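This is a predicted model, so every value here is computed, not measured. Throughout, protein chains are lettered first and strands after them, A, B, ... in sequence-line order, and every chain is numbered starting at 1.
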Number of protein chains: 2
Amino acid sequence: MMEHFDGQEAWAAALRAHGRRVTKQRLAVLAAVERHPHSPAESILAAARSELPELTAQSVYVVLGDLTDLHMLRRFEPPHSPALYETRVGDNHHHAICISCGRVEDVDCAVGHAPALRRTGTLMPSR
Amino acid sequence: MMEHFDGQEAWAAALRAHGRRVTKQRLAVLAAVERHPHSPAESILAAARSELPELTAQSVYVVLGDLTDLHMLRRFEPPHSPALYETRVGDNHHHAICISCGRVEDVDCAVGHAPALRRTGTLMPSR
DNA sequence: ACACTTATTACTACTAACTCACAATAAGGC
DNA sequence: GCCTTATTGTGAGTTAGTAGTAATAAGTGT
């Protein structure tokens with residue numbers, strides 16, 4: 001019953017810092033987004049239910065919207081895809097999206113670096 | 001009963017050139033998009049019904065999709081907006097979208113010209 | 001001019017991805 | 001432990017479509 005303690009405390013502190021109550025639903029959603037970055041609300045619901053089975057879809061929508069407004073989560077909306085969420089909010093990275101399978105990959109901004117586009121592999125379907 | 005004759009004949013010829021049958025539904029949709037560029041399917045339906053009242057929404061969706069596939073119409077999908085359609089398909093212009101009212105303005109590509117961004121007015125809400 | 005074939009359109013669901021209103025619950029301050 | 005009110009749950013509603021099939025009519029051939 002002590003797994004995820006570190007992460008939970010960190011998220012709880014962030015919620016309190018924003019004047020929000022620390023609820024198991026918010027912690028479950030935050031943990032789920034952290035475990036599955038670039039996921040849509042539906043997948044976040046499924047992932048969060050593994051640790052909080054009674055969570056509802058509507059709560060996930062509300063929590064995701066609220067935490068996004070607080071900048072604790074970031075939402076992005078690729079065309080022809082539901083909105084995706086991630087916990088990485090401290091920087092301004094880009095997203096490379098595979099046109100064939102929709103997989104998303106973070107691409108760091110190269111501020112202060114020369115852009116180094118070397119071909120190290122492909123971004124092709126993994127499913 | 002002879003109004004729109006020129007446009008109708010031109011559209012009819014284009015449809016035949018693509019091996020499509022010339023129907024009053026297609027002509028009504030094409031005329032509506034021409035009269036109201038940058039419009040969503042719902043507005044196109046309303047506009048087309050002024051000359052063909054028995055037209056249904058589903059036919060408009062089918063016709064718009066088919067004519068878009070033929071490149072007789074162009075579809076573009078701004079975020080948080082339904083798909084918009086226009087008849088201007090021969091070039092590769094851009095769209096400036098007002099973040100406050102959603103109004104869309106064509107912006108020509110300046111290939112072969114120096115970009116000349118002079119402030120001639122605003123792109124603010126008209127409603 | 002008429003029949004005929006099949007492209008086209010209409011009608012009836014059904015869907016995804018949400019949003020809204022309101023009742024039930026529970027977190028955190030006292 | 002109680003109480004206030006933020007939060008969550010429940011159920012219905014919305015937007016912007018897609019899918020499946022039946023009805024219609026455009027264009028071709030005679």
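The CG atom of B:L55 sits 16 Å away from the P atom of C:dT8 (whole-angstrom rounding). Atom CD in B:E77 sits about 7 Å away from atom P in D:dG17, given to the nearest Å. Rounded to an integer number of Å, the gap from A:Y61 OH to D:dG9 P is 15 Å. In this structure, B:R20 places its CZ atom 14 Å from C1' of C:dT9, rounding to the nearest Å. Following rounding to the nearest Å, B:R21 (CZ) and D:dT24 (C1') show an atom-to-atom distance of 11 Å. For the pair B:K24 NZ and C:dT8 C1', the interatomic distance rounds to 11 Å; values are reported in whole Å. One can place CD of B:E42 at 13 Å from P of D:dT14, the figure rounded to the nearest angstrom. Rounded to an integer number of Å, the gap from B:R49 CZ to C:dT9 P is 15 Å.
Ionic pairing of A:E34 and A:R88 is not present here: no N-O contact between side-chain nitrogen and carboxylate oxygen is shorter than 4.0 angstrom.
Note: A:F76 and A:H95 have parallel aromatic rings, judged against thresholds of 30 and 60 degrees for the angle between ring planes.
Here B:D66 pairs with B:R20, B:R26 under the salt bridge (Lys or Arg N to Asp or Glu O under 4.0 Å) rule; sequence neighbours left out.
The phosphate of D:dT8 has neither OP1 nor OP2 within less than 4.0 Å of any side-chain N or O from A:S59. Within the 4.0 Å cut-off from OP1 or OP2 of D:dT7, at least one side-chain nitrogen or oxygen of A:R26 is found. Between A:Q25 and the phosphate of C:dA27, there is no side-chain N or O to OP1/OP2 separation shorter than 4.0 Å.
Toward the 5' end of DNA chain D, the nearer of the two residues B:T23 and B:P82, judged by each one's closest nucleotide, is B:P82.
Applying the side chain to side chain contact (heavy atoms under 4.5 Å, CB included) test between B:P82 and each of B:S43, B:S39, B:P40 identifies B:P40 as the sole match.
Counting any heavy atom pair closer than 4.0 Å across all strands shown, B:Q58 reaches a base atom. Contacts of A:A83 with the nucleic acid, taken as non-hydrogen atoms under 4.0 Å apart, involve only primed sugar atoms and P, OP1 or OP2.
Listed by first then second residue, pairs satisfying ring-ring contact (aromatic ring centres under 6.0 Å, His included) with a partner in residues 12-36 of chain B number zero, not counting sequence neighbours.
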